[in-house]
Protein chains: 2
Amino acid sequence: MSLIAARLDVSVATVSNALAGKGRVSPDLAARIRAMANDLCYVPGMAGRALRTGRSYVLGLVLPDIANPLFPQIAQAIESSAAEAGYGVLIADSRNNVSTQTEVIGRLLERGVDGVVIVLRRGTRVADVGTPVAVIDSPSTPGNTVSADHWQGGQLVMDHLIGLGHRKILIIGNNPDSIVQNDRIGGMKSRLSNGAESEVIWVEKVEARHGPGCPLGLADYYRAGFTACSAVSDLTALRALTEILGAGISVPENMSVTGFDDLVWSPVVRPSLTTVRMDLAAIARIAVEALTLAIERRAAGDDLPKGPVKAPPHHKESVPMSLVIRQSSARAMTTQRTDNGGYSR
Amino acid sequence: MSLIAARLDVSVATVSNALAGKGRVSPDLAARIRAMANDLCYVPGMAGRALRTGRSYVLGLVLPDIANPLFPQIAQAIESSAAEAGYGVLIADSRNNVSTQTEVIGRLLERGVDGVVIVLRRGTRVADVGTPVAVIDSPSTPGNTVSADHWQGGQLVMDHLIGLGHRKILIIGNNPDSIVQNDRIGGMKSRLSNGAESEVIWVEKVEARHGPGCPLGLADYYRAGFTACSAVSDLTALRALTEILGAGISVPENMSVTGFDDLVWSPVVRPSLTTVRMDLAAIARIAVEALTLAIERRAAGDDLPKGPVKAPPHHKESVPMSLVIRQSSARAMTTQRTDNGGYSR
DNA sequence: GGGGGGTGATTAAACGTTTAATCGAAACTA
DNA sequence: TAGTTTCGATTAAACGTTTAATCACCCCCC
């Protein structure tokens, strides 16, 4: 910048004004400055700007569990929205540990991030920091900024399965403490109709009894007349799918399987997985917008209300999910076989 | 910092020296300063430091394909190593597009990152930028900084399968242009012995003929006497596994299936997937160390050799992979059935 | 023709940190 | 005792940007 100023024999202030379009600069001089800047491949140094303005144009993204297969989608969505708003994204991984979570948030703040996006799990509360925070979890979570409408997503699958004629539906959850999973299951149950019934099993509970990686005994449910498995996550659905296939029960002819989140492998397994997808792009956009709004306000002198930022008024706090119908769900068998469901093969 | 200085009635320089342990400060004054700093919850502002020293203590991490299921592991490893070295990690996503790759690298540089870690795919070359760059791809890739020893990984699975008595082994690749995949396959083939034979199919090629998501015709290979599928990635392995199970062929009794990378779902599917894992923690550590070393050197005035940084001398440029034996691989059937392999069920 | 107002540019301070140069005093040396 | 280190701390400049305050100037109007 000072180089540009020297070359055109003007003051750096004028250069700054011209490039920022702020002060009073004559149109032609401004044009000459822009030309020269472009000529010299000048890019404003963030360090000086950050120092002067107190803003780094960097957001922190803290994930509770980086092994989470959703991470790529989330990171992609947040990074994209942030980039569009002129922000970079600094990642942090609190290894599902609530104490390291506060620690990594602290590190992000030391780095001078202007705001933080936190993806919660199991409804952890996040302490108040001096910086705007957006929380993505579930509409049921207190202090949630924006998230997918998991309840409605549950309704979506259940409507789909009921519509296909299924009447005995096994719901497979993972962790009973997860607000997200409970929302999804609640939505499912709310749409049981026409005498349809459901049963819920929790993977963590059966693993607590039989060890990690144990079979879920799905063949037994099949023999008991269940014709569909609705899992709260594609990971669980995949586990169910392979177990069912391995038991010689064909999918979707004898048993339908559905999941949640449309993870990478869902389209490629055979049969490809019917699932419910969140609109992470929209969610990220709203979260980032809420955050940047709060940042602007704070820079203007207002002090923030306590707690995570709220979704901007013209946006919904919960984003509808959409059903992705693939091969793993089909019409329920009309002639029900309640005995001899395979398993011996 | 100036607040500390005022409170103790010393100069800011002294405070800086005391906290950095650099200049000459009397031990007791230094202690008092540290105490006061701790008392005031003082954290040095990165902006000022960055401006003065020209270093941001931030690394950029650019992934070619953020949908890549390996992303969580990589990001975790890099973030962890970087944090240990005192660096933050700014993520960038070049959506498998080489032009956006250079663009996002540019954005990272504008943000003032001190170095960049690039995970390549398909051997893209990366243009010289004014900042140290570490490349993670494959030992065969020119300019590679560090990576897993994919060739040796291929040998690992093949030794395993041969040891289990398999003699006709189907190798499933994804993209023929991928250096990584070719390395893995090369390693596999180099360990064919005892009259064992292999055949390679490429998913992208068969999809080009029969459309995306099409069956790979694995039952035919089973009928033709193949007893093992060695996929070049867990994603492909999973696809193979589900197709085989769906065809009524049991795994691993009739057919063994192996993959690569130990992705999230590999332990949870049934049968759980035998796979080859890279030591991403070690790889990330070496990459970050090489990078920080180059950064130090550059800060000391040396100018860098062109091209990506090289692994530090006391480290290997290629990190050995390790075999993770699970349920999906087992001893080959002794009595080979070349006809009637299932498929009808 | 002198005061007032708008215009286009400059000046200078400020952000928070590091660091080379300086300086006073105490301690050692000849 | 005078000269010379050594120690402990200070001074001041510097990084690159923004921005409030200032200034010179021209134009207009009474």
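Lettering of chains follows the sequences in order, A, B, ..., and the numbering in each one begins at 1. Every heavy atom of this structure was used, including side-chain atoms; hydrogens, water molecules and symmetry mates were not.
- Here the P atom of nucleotide C/dT17 and the CE atom of A/Met46 are 20 Å apart, to the nearest Å.
- Dashed line: the shortest gap from a side-chain N or O of A/Lys22 to OP1 or OP2 of D/dT19 is under 4.0 Å.
- With hydrogens and angles left out, the side-chain atoms of B/Arg55 and B/Tyr87 include a donor and acceptor closer than 3.5 Å.
- The phosphate of D/dC7 (OP1 or OP2) has no side-chain N or O of B/Ser26 nearer than 4.0 angstrom.
- Considering only the side chain of A/Val25, C/dA9 comes nearest among C/dA9, C/dC15, D/dA9.
- Rounded to whole Å, atom P of C/dT17 lies 11 Å from atom CG of B/Leu3.
- Taking atom CG on B/Asp28 and atom P on D/dG8, their separation rounds to 9 Å, with Å as the unit.
- Terminal axes of the helix from C/dG1-D/dC30 to C/dA30-D/dT1 (five pairs each, C1' rotation axis) are separated by 60°, to the nearest 10°.
- If you take CZ of A/Arg55 and P of D/dT17, they are 17 Å apart, rounded to a whole angstrom.
- Between the A/Thr131 side chain and the A/Gly115 main chain, no donor and acceptor come within less than 3.5 Å of each other.
- Applying the side-chain hydrogen bond (donor to acceptor under 3.5 Å, both in side chains) test to pairs two or more places apart or on separate chains, those with a residue in residues 300-315 of chain B are B/Asp128-B/Lys306, B/Glu289-B/His314, B/Glu289-B/His315.
- With distances taken from any side-chain atom of A/Arg24 to the nucleotides C/dG8, C/dT19, C/dT10, the minimum falls on C/dG8.
- Protein atom CZ of B/Arg52 is 12 Å distant from nucleotide atom C1' of C/dG16, rounded to whole Å.
- Checked against C/dT10, C/dG16, D/dT11, the side chain of A/Ala13 finds its nearest nucleotide in C/dT10.
- Of the listed nucleotides (D/dT19, C/dA9, C/dT18), C/dA9 has the atom at the smallest distance from the side chain of A/Leu29.
- The side chain of B/Ser16 contributes no N or O atom lying less than 4.0 Å from OP1 or OP2 of C/dG16.
- Remark: P of C/dG16 and CG of B/Asn17 are 19 Å apart, rounded to the nearest angstrom.
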Checklist entry - Under the side-chain contact (heavy atoms from CB on, under 4.5 Å) criterion, do A/Lys316 and A/Asp149 qualify, and how do the steps go? => result CA-CA 10 Å; A/Lys316 297 286 296 176; A/Asp149 191 340; over 6 Å; no

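- For B/Arg49, whose side chain is taken as the heavy atoms from C-beta onward, the closest listed nucleotide among C/dT17, D/dT18, D/dG16 is C/dT17.
- Judged by distance alone, with hydrogens and angles left aside, the side-chain atoms of A/Thr53 form a donor-acceptor pair with the main-chain N or O of A/Arg49 at under 3.5 Å.
- Judged by distance alone, with hydrogens and angles left aside, the side-chain atoms of B/Ser16 form no donor-acceptor pair with the main-chain N or O of B/Val12 at under 3.5 Å.
- Distance, B/Met1 CE to C/dT17 C1': 6 Å, rounded to whole Å.
- Proximity of A/Tyr42 to the phosphate of D/dT17: a side-chain N or O atom is located under 4.0 Å from OP1 or OP2.
- Here B/Ser11 does not reach the OP1 or OP2 of D/dA9: none of its side-chain N or O atoms lies under 4.0 Å away.
- As a whole-Å value, the separation of A/Leu19 CG from D/dT17 P is 9 Å.
- Not one side-chain nitrogen or oxygen of B/Thr14 sits closer than 4.0 Å to the OP1 or OP2 atom of D/dA9.
- Between B/Asn68 and B/Leu63 there is no side-chain heavy-atom pair separated by less than 4.5 Å.
- By the side chain to side chain donor-acceptor pair (under 3.5 Å) test, A/Ser56 is found to be paired with A/Asp114, residues two or more places apart in sequence or in another chain being considered.
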